[in-house]
Amino acid sequence: MREYLKFYIDGQWVNPLERKTSDVINPATEQVSGRISMGSAADADLAVKAARRAFGSWSRSSRKERLELMQAIQAEYDKRQAEIGAAITEEMGAPAALGGGFHVQLGAGHLATAIEILKDFRFEELRGNTLLAKDPIGVCALITPWNWPMNQIAVKVFPALATGCTMILKPPQLAPYSAQIFAEVLHAAGVPKGVFNMIQGAGSVVGTALSGHPEVDMVSFTGSEFAGVEIAKNSATTVKRVCQELGGKSAFIVLDDAAMVANVAGATSGMMVNSGQTCSAGSRLLVPKARMAEAIEAAQKAAAEVTVGDPQGNFVMGPVVSKGQYNEIQRYIQIGIDEGATLVAGGIGRPESLGKGWYVKPTVFANVDNRMRIAREEVFGPVLVIIGYDSIDHAIEIANDSDFGLAGYVNGADPEACNAVARRMRTGWISINGGFDFHAPFGGIKKSGNGREWGEFGFHEYLETKSLLGFVPAPPAA
Ligand code: NAP
Ligand code: MG
């Protein structure tokens, strides 16, 4: 049993002002795996005040000081990688190889990238007699989801630190353990007091207190549309910047060529990674209509290879995060059946071998119409829909006919054909034949939000541009 009952405020582990705890459930066993304290608005206020006090000196810290701190964090993070992986497996059910693998590596990757960028990031730029100074925005509230918990924390905390901001992290109730270890990592690395603070608890309480707080300058939020809108509204009266990274229903276009069958198989197994709980998942698979039968066969085969079971065991897919998510996904599978889509893999209920735990069958619907709800709404589970297209123009039309615009995928044998399709997709982030880059800005358009995280663009989220007119540069040293 894990007992994480203290908050990290002003460089110390402190008791909450009011004693209130909540159980954390292991989604594989449905048993209580630990307890956290639930923060109040008063706890949030203490953390904001600490961050405000620390801002004066941290905002003026040198590049060298920030780099030294971030390198110290890197050393501590490396030491705790296995523990962080185990925590992620326990809290949200990622198979051990994934939790201790890609989940942890994403955190390390964002940290290494932020260090690399900070080494020569231009905080000042002289244009004629005007100096453009990039100043840290101030006190930041960072509100994160449970699905890739370490990734989400890393893409916010490291650029905020690197740019001289101070912060309060509000991790998800469903994935509080990895965040706790992350805070221990920062403490061990010697983060100056007040620069980083962490409060566990409910978004509706702690998150609301932070987004409405007059001393918070910016909220960076990743999560659902509903909460993103609540935060934006609640932030409006105190005029803060709100960075929203929301959901998606991203199209995966497979071109009509010799690689089609292999690409459908890859897209299907890719959809099931992390039990489909990925905001940027390619959950609408677009294939040439004339080849739907081949696509179905390839998708069925790939789905059958996705073994499901105990995240401590040797399975491809673990459970989904919670009973609530399980029920929601079941509801969507039923909606797909009722809408008349062809169920070609998976379906309602747990895999037959599993009596408990929030396990979902890797599910594929084919002959889906883009107007169906399973093609328009984010399921956030291992559910793929296959839609047929008549021509490239038709494929692009379907891809762009969505309320969301987070990610996109194009796979095909001819790189130029792929590039042409990718250019016409209206989303923020498109991967061509599996392309991946820690430096590429990540974020969406339309209802997928307005933020751009990762790499250098992630720094700009935490900076304000200040103009110094009539600026006379100091003469070069003799
Ligand atoms: P969520 O319910 O919106 O929760 C995200 C975070 O916001 C949690 O920490 C939550 O606290 C908090 N929160 C909830 N209501 C709030 C409020 N009124 N004010 C302030 N904070 C509030 O999302 P989720 O269910 O955890 O995550 C799934 C969603 O995130 C999906 O839609 C997915 O697509 C999206 N997502 C997007 C990205 C991206 O980069 N675009 C990445 C990952 C996930 P609690 O702990 O109380 O829930
Ligand atoms: Mg939620």
Side-chain angles (χ1 to χ4, degrees), residues 22 24-25 36-39 41 44 91-92 103 106 110 141-156 168-179 198-213 216 219-236 240 242-250 274-283 320-329 332 377-381 402-407 427-429 440-454 457-458 461:
S22 179
V24 181
I25 309 291
I36 56 167
S37 284
M38 299 295 281
E91 65 196 3
M92 56 75 69
H103 274 274
L106 281 166
H110 290 303
L142 313 177
I143 303 177
T144 59
W146 46 264
N147 61 329
W148 288 94
M150 202 39 49
N151 177 70
Q152 309 304 345
I153 290 174
V155 290
K156 297 188 191 308
I168 305 96
L169 172 66
K170 204 304 276 178
Q173 290 178 66
L174 291 174
Y177 300 155
S178 52
M198 185 199 62
I199 299 183
Q200 307 269 17
S204 56
V205 178
V206 179
T208 301
L210 292 172
S211 60
H213 201 294
V216 170
V219 183
S220 179
F221 168 74
T222 300
S224 62
E225 179 188 332
F226 176 80
V229 170
E230 288 295 302
I231 288 169
K233 283 187 195 162
N234 197 36
S235 296
K240 34 176 77 76
V242 179
C243 164
Q244 295 162 317
E245 297 280 357
L246 312 177
K249 191 76 189 181
S250 300
N274 211 40
S275 301
Q277 302 166 121
T278 301
C279 53
S280 55
S283 52
V320 298
V321 70
S322 66
K323 182 180 184 179
Q325 282 299 120
Y326 176 86
N327 288 338
E328 186 70 0
I329 296 163
Y332 270 110
E377 297 172 23
E378 187 182 46
V379 177
F380 224 54
S402 174
D403 293 338
F404 297 105
L406 184 56
T427 77
W429 185 99
F442 181 93
I445 62 170
K446 300 196 263 183
K447 284 195 169 174
S448 294
N450 55 25
R452 287 295 177 275
E453 300 191 301
W454 298 42
F457 275 72
E461 297 273 352

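Counting convention: from 1, in listed order, for ligands and their atoms alike.
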Parallel under 30°, tilted from 30 to 60°, perpendicular over 60°: which one fits the rings of F380 and W146?
-> perpendicular
Between E245 and G451, what is the shortest heavy-atom contact and its length?
-> OE2-C, 3.3 Å
Just let me know how N234 lines up against ligand 1, side chain, backbone, both or neither, with a heavy-atom cut-off below 4.0 Å.
-> neither
Against heavy atoms of G247, which atoms of ligand 1 measure under 4.0 Å?
-> 32 (O), 34 (O)
Interfacing atoms of ligand 1 (cut-off 4.0 Å, heavy-atom, P145) = 26 (O), 27 (O), 43 (C), 44 (C)
Minimum non-hydrogen distance to atom 45 (P) of ligand 1, winning option of K170, K447, E328 = K170
Counting from 1 in the order shown, the ligand 1 atoms closer than 4.0 Å to a non-hydrogen atom of I231 are 19 (N), 20 (C), 21 (N)
Taking heavy atoms and a distance under 4.0 Å, where does Q152 meet ligand 1: side chain, backbone, both or neither?
-> side chain
Check for a donor-acceptor pair, side chain of N274 on one end and backbone N or O of W148 on the other, with a separation under 3.5 Å.
-> no
Can you tell me how far the CG atom of D403 sits from the CG atom of L246, to the nearest 0.5 Å?
-> 12.5 Å
Pull out every atom of ligand 1 sitting under 4.0 Å from any heavy atom of A227, numbered as shown with elements.
-> 3 (O), 14 (C), 15 (N), 16 (C)
Any nitrogen or oxygen of T144, main chain or side chain, under 3.5 Å from a nitrogen or oxygen of ligand 1?
-> yes
What atoms of ligand 1 come closer than 4.0 angstrom to any heavy atom of E378?
-> 31 (C), 32 (O), 33 (C), 34 (O)
With no hydrogens and no angle check, do the side chains of E91 and S178 hold a donor and an acceptor under 3.5 Å apart?
-> yes
Spacing of OG belonging to S235 relative to CZ belonging to F221, to within rounding of 0.5 Å | 11.0 Å
Whether A202 lies under 4.0 Å from ligand 1, heavy atom = yes
For ligand 1, the portion of N147 having any non-hydrogen atom under 4.0 Å away | side chain
Of all the heavy atoms in P172, does at least one lie under 4.0 Å from an atom in ligand 1?
-> yes
Which is it for F226 and ligand 1 at heavy atoms under 4.0 Å: side chain, backbone, both or neither?
-> neither
Supply the atom-to-atom distance K170 NZ to S211 OG, rounded to the nearest 0.5 angstrom.
-> 11.5 Å
Return a yes/no value for L246: is any of its N or O atoms, backbone included, closer than 3.5 angstrom to an N or O of ligand 1?
-> yes
Backbone, side chain, both or neither: what part of T222 comes under 4.0 angstrom of ligand 1, heavy atoms only?
-> both
K249 and S402: side-chain donor and acceptor closer than 3.5 Å?
-> no
Side chain, backbone, both or neither: the part of Q173 lying under 4.0 Å from ligand 1 by heavy atom | both
Within the 4.0 Å heavy-atom cut-off, what W148 brings close to ligand 1 is neither
Using distance alone, determine whether S224 and ligand 1 share an N or O pair under 3.5 Å.
-> yes
To the nearest 0.5 angstrom, please state how far the CD atom of E378 sits from the CD atom of E225.
-> 9.5 Å
Can you see which heavy atom on A440 is nearest to which on W454, and at what distance?
-> O-CB, 3.4 Å
Under 4.5 Å between any side-chain heavy atoms of E328 and V320, yes or no?
-> no
Just how far is it from atom CG of N151 to atom NE2 of H110, taken to the nearest 0.5 Å?
-> 4.0 Å
In ligand 1, the atoms that come under 4.0 Å of a heavy atom of I143 are 6 (C), 7 (O), 9 (O), 12 (C), 20 (C), 21 (N)
Element-labelled atoms of ligand 1 that are located less than 4.0 Å from some non-hydrogen atom of E245 | 37 (C), 38 (C), 39 (C), 40 (O), 41 (N)
Ligand-side contact atoms (ligand 1) for residue partner F442, heavy atom cut-off under 4.0 Å = 40 (O)
CG/L210 to CG/N234 distance, rounded to the nearest 0.5 angstrom?
-> 10.0 Å
